[in-house]
J.: 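For reference, the structure I am asking about is given below.
Whatever order the structure lists ligands and atoms in, that order sets their numbers, starting from 1.
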Amino acid sequence: MYYLSIKGKQKLKGSVSISGAKNSALPLLAASLLSKNRITLSNIPNVVDVKTLLKLLENLGAYAKMEKDIVQIDTMTVKSACANYDIVRKMRASILTLGPLLARFGHCEVSMPGGCAIGQRPIDLHLKALEQMGAVIELKQGYVVAKAPNGLKGTTIIFDKVTVTGSENILMAAALAHGVTKLVNVAKEPEVVQLCEVLRDAGVNIEGIGTTNLTVVGSYGELLDMQNIKVIPDRIEAGTYLCAGAITNSKITITDVIPKHMESITLKLQQMGFSFDIKENSITIIPADKIDAVDIETSEYPGFPTDVQAQFMALCTQANGTSIIDERLFENRFMHVSELARMGANIKLKGHSATVEGNMDLIAADVMATDLRASSALILAALVAKGVTKIHRIYHLDRGYENLEGKFSALGARIERLEE
Ligand code: UD1
C-alpha cells in the first residue's frame with residue numbers, strides 16, 4: 001500500500017493545469033450506452049473512478065480504449081444488462097448505468113451501491129422516478145431488478161430533493177423514453193448541464209437546460225447519434241488547488257478552468273481576504289494580508305459545494321478567529337475532523353455543524369484518508385504543518401485526483417508517494 005509523505009511549511013508557486021471533471025466524465029461514459037455510434041471523449045481524467053466505470057462498461061460487452069486523456073467507446077457490442085456487485089461496490093456512481101440500461105434494453109439488473117463512508121446515500125429517488133415512468137422494480141439479493149418491456153413512458157417527475165446522479169440517471173432514461181418527460185427540481189450542477197448539452201447535441205430535444213425544470217422529448221427507444229465530447233474542467237480539483245494556494249498563502253495559478261463554475265469558492269476565499277486575477281480560462285490567487293474566519297454552509301450548485309467543505313475546514317484552521325461550517329447535504333461528512341485533530345486542529349462538532357478554531361499551529365502526524373474529499377483536507381493541512389505528515393490509505397485520493405503528487409510537486413510542495 002502506498003502513502004503520501006509531505007514536508008510542510010513550504011511556499012507554493014507556479015501554475016497547475018486542472019484535469020477534466022470526474023463527475024462529468026462518469027455520467028457521460030454512462031450515456032455512451034445510449035449511443036448508436038462509437039464516440040470519442042477527450043479531457044477524461046486518469047483517475048480510478050473512471051477506470052472502474054470503463055471496466056463496468058467492458059464487462060457489459062462494450063469496447064473501450066483509454067489513451068492519455070482520450071477514451072474511445074463503442075457500446076453497440078453490449079449484450080448484458082447486468083452491472084454486477086464486484087464492480088458496483090467499488091464505486092457508488094456505477095448506479096448511473098441504471099437509467100441508460102433500462103431505457104435501452106427494457107430490463108436490467110444493477111447491484112445496489114450500498115452504504116458509503118459519507119452517509120447512507122440512498123437511491124430511492126432514482127427508483128421512484130423510474131417507477132413513475134412505468135418501470136417495475138424489485139430489489140432481489142442486493143440487486144435492483146428493473147423491467148420496462150414496452151419502454152419507459154414520459155411523465156412529470158418532481159424530485160423531492162435535489163439529487164445530482166438522480167437527475168442524470170432520469171435524464172438519460174427520459175432521452176430514450178416514449179413521449180415527453182417533465183423534470184422538476186432537477187440539479188443544475190455544471191456536470192448535469194454538460195450531460196443535457198451532450199444529449200441535445202445527439203438530437204434529443206431538451207428545454208430548460210441550466211434551470212431546475214427540464215422538458216425532454218424522448219426518442220421512443222431509438223438510440224442516439226452521439227457526437228464527440230470534451231469533458232468540462234473539474235471544479236472540485238480546481239477548488240482544492242485554490243485552497244492549497246490559500247492555506248500556504250502563496251500566489252499560484254490554476255489553468256484550464258471555467259471561472260464561472262468556481263464563483264461560490266472564489267467568493268468565499270475573497271471573504272477570507274484573498275484576491276484573484278481571473279482570465280478566461282485561468283485563476284491566479286493572490287495572498288491575503290490576513291486570513292479572516294468565515295461561515296460556510298454547503299448547498300446545491302450554485303451554492304457552496306459539499307465536495308470542497310473538507311478542504312475549507314483545513315484552511316479555516318489557519319484563519320484569524322473562529323469559523324462555522326454547516327454541512328447540509330450529507331450526514332456523515334466530517335470524518336476528516338478527527339484526523340485534523342491529530343495534527344493539532346481544534347474543531348468541535350455539533351450535529352451537522354463544525355466550529356473551527358483558527359490560528360492553529362498544525363503539527364505533522366500519521367493520518368488516514370477516509371473518503372475522497374476528506375483526504376484532500378489532510379494534504380492541505382500537511383502543507384502548513386511542522387514536520388513530515390504521512391497520509392495512509394491514499395487509494396481514496398486516487399479515485400478522484402489525477403497525478404496528485406506530480407501536480408503538487410510542480411507547485412513546489414515537498415510531496416512523495418512511498419510504499420508502506
Ligand atoms: C454527487 C457527486 C458527489 C457530490 C454530491 C453532492 C457524482 C458522481 N457525485 O453525488 O461528488 O458530493 O453529488 O453534490 O456526481 N438523496 C436521497 N435519495 C436519493 C438520492 C439522493 O435521499 O435517491 C440525498 C443524498 O443522501 C444526499 C442528497 O440527496 O443527502 C444529495 O445527494 P446526491 O446529489 O444524489 O449525491 P450523488 O449524486 O450521490
Side-chain angles (χ1 to χ4, degrees), residues 20-31 44-45 47-50 52-53 56 88 90-99 110 112-132 137 139 144 157-173 183 185-196 212 231-232 234-240 261 264-265 297-312 326-336 352 371-377 396-397 399-401:
K22 166 182 89 73
N23 286 355
S24 212
L26 296 175
L28 294 173
L29 286 169
I44 293 275
V47 295
V48 171
D49 273 7
V50 162
T52 304
L53 186 55
L56 172 53
V88 175
K90 295 193 180 126
M91 184 182 67
R92 281 190 54 79
S94 310
I95 196 65
L96 283 166
T97 55
L98 176 65
V110 177
M112 293 276 285
C116 90
I118 62 170
Q120 203 189 355
R121 294 182 89 174
I123 51 159
D124 55 313
L125 302 176
H126 305 226
L127 303 185
K128 194 171 139 196
L130 290 172
E131 280 174 340
Q132 281 179 270
I137 295 181
L139 301 180
V144 176
I157 289 161
I158 304 175
F159 288 100
D160 293 340
K161 255 188 187 182
V162 177
T163 158
V164 174
T165 49
S167 301
E168 292 164 345
N169 235 337
I170 304 312
L171 252 165
M172 291 186 277
L183 299 171
N185 202 23
V186 179
K188 39 182 194 171
E189 268 63 5
E191 296 76 20
V192 179
V193 173
Q194 179 163 42
L195 176 64
C196 288
T212 53
V231 174
I232 56 169
D234 195 316
R235 62 198 167 94
I236 305 303
E237 187 198 24
T240 304
H261 293 171
S264 63
I265 295 171
E297 194 173 302
T298 62
S299 77
E300 295 87 10
Y301 189 86
F304 188 89
T306 171
D307 286 351
V308 288
Q309 176 259 104
Q311 296 88 318
F312 267 76
D326 270 325
E327 172 54 60
R328 294 278 164 183
L329 293 193
F330 293 110
E331 75 267 27
N332 190 23
R333 210 170 202 184
F334 281 139
M335 280 166 314
H336 41 288
H352 50 67
D371 80 24
L372 171 55
R373 305 305 172 185
S375 330
S376 49
H396 288 291
L397 284 161
R399 283 188 39 218
Y401 286 96

J.: Flag F330 as yes when one of its N or O atoms lies below 3.5 Å from any N or O atom of ligand 1, and as no otherwise.
T.: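 N/O-N/O distance under 3.5 Å: no.
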J.: Should one rank N23, V164, V162 by closest heavy-atom distance to atom 2 (C) of ligand 1, which comes out on top?
T.: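 It is N23 that holds the nearest heavy atom.
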J.: For the 3.5 Å polar cut-off, considering only N or O atoms, please tell me whether E168 and ligand 1 meet it.
T.: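 Between E168 and ligand 1, no N or O pair is found under 3.5 Å apart.
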J.: Specify side chain, backbone, both or neither for R333, according to which of its non-hydrogen atoms lie closer than 4.0 Å to ligand 1.
T.: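 Contact part for R333 vs ligand 1: side chain (C-beta onward).
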J.: Is it true that K22 and E237 have a side-chain N and a carboxylate O under 4.0 angstrom from each other?
T.: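 Between E237 and K22 there is no salt bridge, as every charged N stays at least 4.0 Å from the carboxylate O atoms.
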J.: Does any N or O of ligand 1 fall below 3.5 Å from an N or O anywhere on T306, backbone included?
T.: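 In fact, backbone or side chain, T306 has no N or O that close.
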J.: Is there a polar contact between ligand 1 and D124, counting only N or O atoms under 3.5 Å apart?
T.: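 Min N/O separation from ligand 1 is below 3.5 Å for D124.
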J.: For ligand 1, is any non-hydrogen atom under 4.0 Å from Y301's backbone (N, CA, C, O), its side chain (CB onward), both, or neither?
T.: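 Neither part.
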J.: Please give me the minimum heavy-atom distance between A374 and A310, naming the atom from each residue.
T.: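 Closest heavy-atom pair between A374 and A310: CA-CB, 3.9 Å.
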J.: Given S24, A25, P122, P113, which one has a non-hydrogen atom that is nearest to atom 20 (C) of ligand 1?
T.: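 Minimum heavy-atom distance to atom 20 (C) of ligand 1 goes to P122.
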J.: By number and element, which atoms of ligand 1 are closer than 4.0 Å to a non-hydrogen atom of H126?
T.: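 Atoms satisfying the 4.0 Å criterion: 23 (O).
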J.: What pair of heavy atoms forms the shortest contact from D307 to N23, and how long is it?
T.: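 Shortest heavy-atom separation between D307 and N23 comes out as OD2-ND2, 3.8 Å.
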J.: Going by heavy-atom distance to atom 23 (O) of ligand 1, choose the closest among T298, L125, L127.
T.: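 Shortest heavy-atom distance from atom 23 (O) of ligand 1: L125.
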J.: I'd like the name of whichever of I95, I236, T165 reaches closest to atom 37 (P) of ligand 1 through any heavy atom.
T.: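 The option holding the nearest heavy atom is T165.
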J.: Are any of the N/O atoms on R92, whether in the backbone or the side chain, positioned under 3.5 angstrom from an N/O atom of ligand 1?
T.: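 Not met; the criterion fails.
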J.: Looking only at side-chain N and O atoms, does T298 offer a donor or acceptor that is under 3.5 Å from a partner on Q309?
T.: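 Checked: Q309/T298 side chains show no N/O donor-acceptor pair below 3.5 Å.
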J.: Below 3.5 Å, N or O to N or O, backbone or side chain included: is there any such pair between L26 and ligand 1?
T.: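 Among all N and O atoms of L26, none is under 3.5 Å from an N or O of ligand 1.
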J.: Looking at K161, which atoms of ligand 1 are within less than 4.0 Å of one of its heavy atoms?
T.: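 Answer for ligand 1: 22 (O), 24 (C), 29 (O), 30 (O).
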J.: Identify the heavy atoms of V231 and I44 that sit nearest to each other, and give their distance.
T.: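 For V231 versus I44, the nearest heavy atoms are CG2-CD1, 3.8 Å.
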J.: Counting N and O atoms only, with roles assigned by atom type, does the side chain of D49 sit under 3.5 Å from a partner on the main chain of G400, one being a donor and the other an acceptor?
T.: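 Judged by distance alone, no pair lies under 3.5 Å.
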J.: Work out which heavy atom in I137 is nearest to a heavy atom in V144; give both atom names and the distance.
T.: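 Taking I137 first and V144 second, the nearest heavy atoms are CG2-CG1, 3.8 Å.
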J.: Among Q311, R373, R235, exactly one meets side chain to side chain donor-acceptor pair (under 3.5 Å) together with T240. Which residue is that?
T.: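 When Q311, R373, R235 are each tested with T240, the side chain to side chain donor-acceptor pair (under 3.5 Å) holds only for Q311.
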J.: For the backbone of L329 and the side chain of T306, can you confirm whether one donor and one acceptor N or O come within less than 3.5 Å of each other?
T.: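 Such a contact is absent between T306 side chain and L329 backbone.
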